[in-house]
Amino acid sequence: MRLFLLPALAGSSLLLSGCIAKTALDVVTLPVKAGGKVVDMATTSQSESDRNYGRKMREAEEREGRERRAHEKRCQRDPRDCGPYEGFVAHPGGNRRDR
């Protein structure tokens, strides 16, 4: 019986040492992986930046459309008091009224 027990124990110790080594490697690399995730969450990727810029421009264009329609309604009610539209203009360079 001891003859079979010794090789079985030797084999199981080899298997367990691989498992322990893998666990030790996971524990050691965990801070590096966590740090990488923190950096990824803290920075903005190019696609996120493009998406945010697109949303900002759509909102600006919607605002300009609302203000232009309101200007046109005022002009229809009182054409004498109506001048050229000088309100909000959605463009990438900013807005002279929002500065």
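Heads up: numbering here begins at 1 and tracks the sequence. What's counted below: heavy atoms across the whole structure, side chains too, no hydrogens, waters or symmetry copies.
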For a salt bridge (Lys or Arg N to Asp or Glu O under 4.0 Å) check, start with the C-alpha distance between Arg63 and Glu67, then their side-chain angles and the critical distance, and finish with the verdict.
CA-CA 6 Å; Arg63 176 181 171 190; Glu67 289 190 13; 3.2 Å; yes

Under the rule for side chain to side chain donor-acceptor pair (under 3.5 Å), what residues qualify as partners of Arg68, not counting sequence neighbours?
Glu64

Residues which pass side-chain contact (heavy atoms from CB on, under 4.5 Å) with Ser45, listed by chain and number, not counting sequence neighbours:
Ser47, Glu48

Asp78 meets the side-chain contact (heavy atoms from CB on, under 4.5 Å) criterion, sequence neighbours left out, with Arg80, Asp81

Residues 69-76, side-chain donor-acceptor partners within the protein, below 3.5 Å, at least two apart:
{"unit_1": "Arg69", "atom_1": "NH1", "unit_2": "Gly65", "atom_2": "O", "d": "3.4"}
{"unit_1": "His71", "atom_1": "NE2", "unit_2": "Gly83", "atom_2": "O", "d": "3.2"}

